[in-house]
Amino acid sequence: MLRSTLIALSESDVARLAVTRTPLRGMSRRFVPGEGVEDLVGAIRQANAEGMSATGNYLGESVKTERAASQAASVYTGVMDQVQREALDANVSVKFSQLGQAISEEFLAETLAPILERSRRDGIFVRFDMESSAYTQRTLDAFEKLWSEGWRNIGVVLQAYLHRTAGDVARMNQLGARVRLCKGAYDEPAKIAYKEREDVAENFTALMRELIDHGNYPGIATHDERLIEATLEHVTRNGIPSDRFEFQMLFGVRRDLQRQLVDDGWNMRVYVPFGEQWYPYLMRRLAERPANLLLLIGSVVRESPLGFLWGGRDRTNRKA
Ligand code: FDA
């Protein structure tokens with residue numbers, strides 16, 4: 001109930017205005033390092049220094065004008081140039097709906113072109129994030145079209161909560177395409193998606209095994225300790241080396257677990273979102289863990305004139 005309300009709020013313009021004009025904006029720093037490319041690059045440098053690779057995501061989706069889609073594409077090419085210049089260990093994650101898929105598939109191809117050129121020229125991998133089920137087939141079709149045109153430094157995301165995903169995993173494994181596996185972040189109907197946590201976890205585990213056994217360097221994207229343990233148990237039992245897959249987690253979430261996995265010798269990639277459009281992203285992170293609302297309220301109190309009662313500002317940034 002609270003989760004659905006928060007997801008609905010993530011799509012509400014009224015709520016967006018109310019939240020982005022209050023001190024709640026400071027809370028977003030917990031999950032988004034900032035609005036500019038330099039904020040992203042700072043977070044990537046930090047992740048690299050801690051032995052983690054990164055993926056940069058410029059926040060924004062469902063773009064309706066050519067101007068906004070082209071602007072998003074040029075932010076990505078700027079990020080890729082910076083990654084290349086500094087030899088950072090990072091790639092990018094983009095959303096088709098941010099790059100103009102709603103305008104037309106042809107326009108999407110135009111905005112993608114410079115991003116794909118750089119991926120080929122500089123060897124920077126490009127991941128296509130998966131959005132709500134309204135986009136699943138379109139995203140996979142667009143991906144397969146690019147694949148058939150010979151682009152190889154690209155990959156998709158598949159969501160374990162969708163009933164269809166076992167078939168999509170088999171298809172991507174057959175192509176040899178890199179997949180990020182996640183649970184799925186949108187509110188989907190029971191007709192097409194598992195709604196119970198246990199069912200999602202069971203499907204995730206089965207898909208994880210398929211991807212690790214038969215896929216191409218999958219990204220296991222979760223903060224769920226049971227699923228991380230299931231992955232470690234699977235690879236250890238089958239003698240699968242650590243360079244065959246990577247774990248992925250979101251910036252600011254379970255930093256303790258991120259560090260522990262790195263210390264234990266596993267590959268870890270941090271997904272770092274940045275940009276002005278942090279509001280819907282923040283609401284989705286709250287929906288995943290409504291206890292974050294308490295942290296959010298705490299951060300507002302700390303930033304208020306009575307903040308000293310809570311022991312100063314910014315403690316929320318340190319612990320995931
Ligand atoms: P779950 O939500 O059950 O969380 C397990 C535990 O992790 C919690 O008990 C808590 O300890 C911790 N945790 C989880 N979320 C937290 C939060 N927000 N704050 C603090 N602690 C938290 N989805 C999608 O639909 N399309 C996509 O392209 C992507 N891409 C993507 C990339 C990466 C790198 C990650 C990690 C996730 C995504 N997702 C996504 C989001 C994903 O689908 C899912 O919504 C979240 O990862 C939450 O699910 P978990 O597997 O972490 O488990």
Side-chain angles (χ1 to χ4, degrees), residues 2-3 6-7 10 27-28 30-32 47 52-57 59 61 90-98 126-136 139-140 143 155-162 165 168 178-188 192-205 207-208 218-231 245-258 260-261 267-273 278 280-296 299 316-320:
L2 185 50
R3 181 171 186 266
L6 287 164
I7 288 179
S10 77
M27 173 61 189
S28 70
R30 184 186 164 87
F31 299 113
V32 181
M52 303 176 202
S53 54
T55 191
N57 171 256
L59 291 166
E61 52 200 78
N91 59 34
V92 291
S93 279
V94 308
K95 287 187 174 57
F96 282 153
S97 82
Q98 183 185 25
V126 178
R127 175 85 62 187
F128 303 121
D129 279 357
M130 188 55 82
E131 303 181 62
S132 71
S133 59
Y135 292 94
T136 310
T139 303
L140 295 177
F143 175 79
V156 284
V157 179
L158 296 176
Q159 298 153 321
Y161 65 13
L162 292 183
T165 299
D168 294 331
R178 272 170 66 175
V179 171
R180 174 197 298 150
L181 178 66
C182 65
K183 285 185 182 173
Y186 299 82
D187 205 8
E188 301 292 358
I192 60 163
Y194 297 106
K195 302 300 278 181
E196 299 298 325
R197 272 182 74 84
E198 286 311 313
D199 295 337
V200 177
E202 196 179 312
N203 200 36
F204 190 110
T205 305
L207 299 170
M208 169 274 289
I220 308 301
T222 181
H223 316 93
D224 189 328
E225 288 189 46
R226 283 179 320 161
L227 296 180
I228 289 166
E229 271 161 31
T231 307
F245 72 100
E246 67 185 16
F247 287 110
Q248 299 186 355
M249 293 191 198
L250 303 178
F251 176 84
V253 176
R254 291 304 309 264
R255 288 183 50 82
D256 54 339
L257 197 48
Q258 294 176 16
Q260 187 194 316
L261 286 165
N267 290 337
M268 166 65 58
R269 184 178 300 277
V270 186
Y271 180 106
V272 189
W278 49 267
Y281 179 85
L282 174 64
M283 296 312 275
R284 281 205 294 275
R285 299 292 76 80
L286 293 175
E288 275 155 17
R289 189 170 176 260
N292 281 338
L293 272 171
L294 292 176
L295 292 172
L296 186 142
S299 78
T316 48
N317 268 328
R318 289 194 211 136
K319 192 166 160 279

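Along the sequence shown, the residues carry numbers beginning at 1. Order of listing sets the numbers, starting from 1, for every ligand and every atom in it.
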Using distance alone, decide if ligand 1 has a nitrogen or oxygen within less than 3.5 Å of any nitrogen or oxygen in [X].
X	value
Q248	no
F31	no
M249	no

Could you give the distance from CE (M130) to CG (L181), rounded to the nearest 0.5 Å?
->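 Going from CE on M130 over to CG on L181, the span is 11.5 Å.
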
Distance from L162 atom CG to D168 atom CG, nearest 0.5 Å?
->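 Result: 8.0 Å between the selected atoms.
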
Atoms in ligand 1 flagged as close to [X], the criterion being non-hydrogen separation under 4.0 Å:
X	value
V157	27 (C), 28 (O)
Y186	25 (O)
G184	25 (O), 42 (C), 43 (O), 45 (O)
Y271	32 (C), 34 (C)
D129	28 (O)

Under the salt bridge (charged side-chain N to carboxylate O under 4.0 Å, His left out) test, residues paired with D224 that sit two or more places apart |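 Expected list: K183, R197, R226.
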
Side chain of Q159, backbone of S132: donor and acceptor closer than 3.5 Å?
->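 No; judged by distance alone, with no hydrogens or angles, the pair does not exist.
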
H223 (side chain) donor-acceptor with L257 (main chain) under 3.5 angstrom =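 The answer is no, because no donor-acceptor pair under 3.5 Å joins these two groups.
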
Which one of M130, H223, K183 has a non-hydrogen atom at the shortest distance from atom 1 (P) of ligand 1?
->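 Result: the heavy atom closest to atom 1 (P) of ligand 1 is in K183.
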
Taking atom 33 (C) of ligand 1 as the point of reference, which of T136, L250, L227 owns the nearest heavy atom?
->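 It is L250 that holds the nearest heavy atom.
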
Give the C-alpha distance, both sets of side-chain angles, the deciding distance and a yes or no for side chain to side chain donor-acceptor pair (under 3.5 Å) between R180 and S93.
-> CA-CA 11 Å; R180 174 197 298 150; S93 279; 2.8 Å; yes

For ligand 1, is there an atom lying under 4.0 Å from some heavy atom of R180?
->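 R180 counts as a contact of ligand 1 under the 4.0 Å cut-off.
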
So, does R197 sit close enough to ligand 1 that a heavy atom of it is under 4.0 Å from the ligand?
->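 Distance cut 4.0 Å: R197 passes for ligand 1.
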
Region of T222 that comes within reach of ligand 1 [heavy atoms, distance under 4.0 Å] |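 Within the 4.0 Å criterion, T222 contacts ligand 1 through backbone and side-chain atoms alike.
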
Considering only heavy atoms, does E131 approach ligand 1 within less than 4.0 Å through its side chain, its backbone, both, or neither?
->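 For E131, no heavy atom sits under 4.0 Å from ligand 1.
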
Mind checking whether F143 and F128 have parallel, tilted or perpendicular rings, split at 30° and 60°?
->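 Geometry flag for F128 against F143: perpendicular rings.
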
Nearest heavy-atom pair of A193 and E188: which atoms, and what distance?
->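 That would be CB-CB, 3.6 Å.
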
Heavy-atom closest contact (A160 atom, V200 atom, distance) |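 Residues A160 and V200, closest heavy atoms: CB-O, 4.2 Å.
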
